[in-house]
Amino acid sequence: MKAKRRAVLMGMLSVGLSSVCGSATADTAPMASLASVVDTLLPADDVSPSASALGVDKDIADFVAENDMMTRLFAAALDWMDHLADRPFRDLTPPEQTEVLTFMESADFNAIPGRFYHILRTLAVEFYYARSEAVAGFPLDPAPQPNGYPPPWG
Amino acid sequence: MGLSKGHDAVVVGSGAGGAAAAWRLCQHGLRVLLLEAGPAFDPARDYPLDRPGWERKGFPLRPGSQASITYGDLGTLHADSEDLASWSRGGFPWRLSAGSPRPPSTNGYSHVQGVGGSTLHFVGEAHRLHPDAFRQYSLTGAGTDWPLGYADLENLYAEAEGVLGVAGTDADDGRWRSGPYPLPPHPLSPGALALHAAGARLGQRWQVNPRAALSAPWNGRPPCNYCGQCSRGCPLGDKGSADVTFLPQAAETGRLTLLPNAIVTRLHTGPNGRIARMDVIVAGRRESIETPILVLAAGAVQTPRLLLLSANADTPDGVANGSGQVGRNFMETLSWRSVGFVPGLANSHLGLPADAVCWTPNQADERAANFRLSHTTLETGLNGPIGYATRLVPGFGAGFKASLRDSFGSALAVGAVGQVIPDTRSGVDLDPEQHDAHGLPVARISSVLTEQSVTRLRQMAKAARAVLAEAGAALVEEASSRDSFTATHVFGTARMGTDRTRSVADPMGRTHDHPNLWITDASTFPTSGGGEAPSLTIMALALRAADAIASQ
């Protein structure tokens with residue numbers, strides 16, 4: 001992860017959220033639902049695969065594991081998401097999963113659901129759209145070099 | 001080790017000012033030892049723009065490639081400037097409240113320590129200062145005048161443009177030229193064409209931005225292939241950074257010794273006020289190097305730091321600081337960015353970054369504006385899906401993915417860069433608490449926006465919003481200096497002048513206090529100009545100083 005983006009994320013992680021996430025630890029992090037969450041954010045469609053199909057959940061888990069505060073935020077948020085109903089998030093129906101994330105998207109940024117949503121979303125789209133398979137459907141090559149994009153551009 | 005002697009001049013810093021000075025001194029037959037605090041970058045290895053995931057990587061960080069910096073007083077966010085607060089439709093829904101201290105951004109003082117200095121990550125705008133910028137005080141009553149004028153630099157500007165291979169058009173809003181640009185202009189991008197058309201309807205004259213990127217082969221370098229990633233490092237070598245222009249040409253003379261990872265820690269004065277030698281750490285070893293001629297070009301933060309670090313019994317306030325002006329008169333640049341989606345606009349992610357500029361953002365009072373607009377869609381990272389997804393397009397799910405694809409290529413960004421008048425609260429000093437790896441105090445930057453700066457920011461916002469509105473854009477993001485300190489260009493901390501009680505260096509760049517100590521970076525700028533990128537002026541001043549040194 002580029003240092004600047006990491007710094008932005010870490011800043012967003014800590015600011016104004018004084019009671020980050022209780023006593024959860026990396027060992028107790030309920031990461032089992034993470035794949036379902038990122039696939040709700042970035043599902044497969046007729047152009048590109050789902051986030052988990054590209055390993056985005058694993059990329060995020062590896063990234064989160066490097067930082068204790070991030071780990072505690074993810075553990076607390078995913079645990080909260082897994083206890084909203086009588087079954088964990090990953091077993092909810094797609095409409096139910098969408099409903100949860102819709103709530104979190106507009107939730108208070110200074111509380112765990114809102115903070116988690118925006119940090120997770122940033123991580124997910126960064127890891128996802130860094131994969132060439134995800135760039136399908138965009139007028140882009142997998143990388144800007146070696147060919148560049150010579151004119152005409154009309 | 002053979003470093004201590006065997007050279008006629010020592011240059012500290014290999015960016016725009018140091019590389020140009022070294023090149024010119026070598027041309028004059030001097031043997032030059034060029035010391036660079038940072039590493040040498042290998043474009044093929046360090047600028048991986050040929051691999052997926054490129055968008056997550058900025059200009060690379062390598063050990064020693066950024067100096068430790070701390071921040072002092074950066075001012076306070078005031079409620080009466082909330083209209084200038086940063087926001088984005090797809091970013092984090094959070095902002096600092098009024099009354100909070102203005103923080104440094106993640107970039108803060110954005111710079112590169114390395115062979116080529118900050119030209120390695122500059123986008124390559126090759127601006128001449130407007131002739132009026134040299135007479136700032138006389139024309140506006142604000143700031144100060146330069147002790148030289150445009151005519152003193154014109155031929156040197158032209159020479160630097162030739163080394164870089166600048167592409168541009170002769171029409172450059174009053175910056176008269178003795179000859180054409182070395183290379184023809186690049187074609188305007190779709191985004192620039194949209195701004196050109198919208199600006200024409202408003203009375204804003206948008207034009208080709210002169211760029212240090214090759215529009216045709218030049219001096220063995222290939223032309224640009226428009227990958228759009230100038231600030232991530234140019235792997236082709238078509239961008240006119242110092243490592244592919246001044247430095248190899250200086251090396252060809254056989255008189256340049258370039259030493260990366262060489263950290264100058266102290267200057268020592270000797271008889272007659274001369275700088276006799278300097279302490280340098282090279283590969284962990286402390287060296288003492290004689291300084292027959294010493295040229296400082298470490299930038300407007302590290303140059304004053306080194307001068308202040310070198311205080312001794314003879315110069316208790318720091319070397320070259322008889323005026324007390326070292327570290328004072330610090331100027332950041334005001335920046336503003338507005339971004340909108342333009343229905344019908346396609347392929348705005350293609351073209352050359354920063355390809356169009358508008359020097360006349362206010363139709364009524366053109367030169368008094370002291371800011372300029374430019375096309376910044378690519379420069380600000382809106383040329384890949386991650387930039388769109390993290391800043392411009394909110395939401396999630398299949399609808400989000402489709403919306404991202406549909407909107408891609410229709411974002412249009414206008415940047416504004418404006419002048420700051422020095423304030424007594426702003427400056428660079430030595431942090432009393434923070435020290436670097438060698439136990440030396442790090443530089444501390446203080447920079448407070450005055451009411452005048454906030455007023456200018458508001459004018460910049462108005463002009464940027466106006467042209468975007470005329471282009472049919474719906475705004476989705478704005479960001480500015482109001483909310484955080486972000487500065488790629490900094491100036492003024494060892495300013496030049498004719499009055500030795502109010503300036504550090506004379507009009508040629510020689511310090512008033514030390515006859516063999518010269519400064520060739522933006523420290524010497526009395527004012528920052530009206531939003532021009534400073535690298536070409538730094539180079540021109542460095543050539544002028546080198547000529548003066550050689551004529552001694």
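Being a predicted model, the structure only gives us computed values, none of them experimental.
A heavy-atom distance below 4.5 Å is found between the side chains of B/Arg405 and A/Ser48.
Closest heavy-atom contact between A/Ala143 and B/Arg51: CB-N, 3.4 Å. The minimum heavy-atom distance linking A/His118 with B/Pro93 is given by the pair NE2-CG, 3.4 Å.
In this structure, CG in A/Leu140 is found 7.5 Å from CG in B/Leu350, a value given to the nearest 0.5 Å. For the atom pair CZ (B/Arg56) and CZ (A/Phe127), the distance works out to 4.5 Å, reported to the nearest 0.5 Å. Atom OH of A/Tyr117 sits about 5.5 Å away from atom CZ of B/Phe396, to the nearest 0.5 Å.
Ranked by heavy-atom pairs shorter than 4.5 Å toward chain A, the options B/Ser105, B/Gly228, B/Pro394, B/Gly90 are led by B/Pro394. Counting heavy-atom pairs under 4.5 Å between each of A/Asp39, A/Asp45, A/Val125 and chain B puts A/Asp45 at the top. The candidate from A/Thr40, A/Val47, A/Thr98 with the greatest count of non-hydrogen atom pairs under 4.5 Å with chain B is A/Val47. Note on B/Pro190, B/Pro60, B/Gly91: by heavy-atom pairs under 4.5 Å with chain A, the leading option is B/Pro190. Between chain B and the options A/Ala130, A/Gly137, A/Ala134, heavy-atom pairs under 4.5 Å are most frequent for A/Ala130.
The backbone N or O of A/Pro146 lies less than 3.5 Å from a partner atom in the side chain of B/Asn225, making a donor-acceptor pair. Between the B/Lys401 side chain and the A/Leu42 main chain, no donor and acceptor come within less than 3.5 Å of each other. Of the possible donor and acceptor atoms, one in the side chain of A/Arg121 sits under 3.5 Å from a partner among the backbone N and O of B/Ala389.
For A/Ala124, no part lies near chain B; criterion is any non-hydrogen pair under 4.5 Å. For B/Leu236, the part lying under 4.5 angstrom from a heavy atom of chain A is the side chain only. Both the backbone and the side chain of A/Leu41 come within contact range of chain B, judged by heavy atoms closer than 4.5 Å. In this structure, the portion of A/Ala136 lying under 4.5 Å from any heavy atom of chain B is its backbone and not its side chain. Looking at B/Leu345, there are no atoms closer than 4.5 Å to chain A (heavy atoms on both sides), in backbone or side chain. Proximity to chain A (any heavy atom under 4.5 Å) is shown, for B/His186, by neither the backbone nor the side chain.
Residue-environment remark: CD (A/Glu99) stays at or below the threshold of 12 foreign heavy atoms within 6.0 Å.
Residues of residues 50-57 of chain A placed with any heavy atom under 4.5 Å of a heavy atom in chain B are absent; none qualify. Within residues 147-154 of chain A, the residues having any heavy atom closer than 4.5 Å to a heavy atom of chain B are A/Asn147, A/Gly148, A/Tyr149, A/Pro150, A/Pro151, A/Trp153, A/Gly154, listed by residue number.
A/Phe109 and B/Trp94 have tilted rings, their planes meeting at an angle from 30° to 60° on a 0 to 90° scale.
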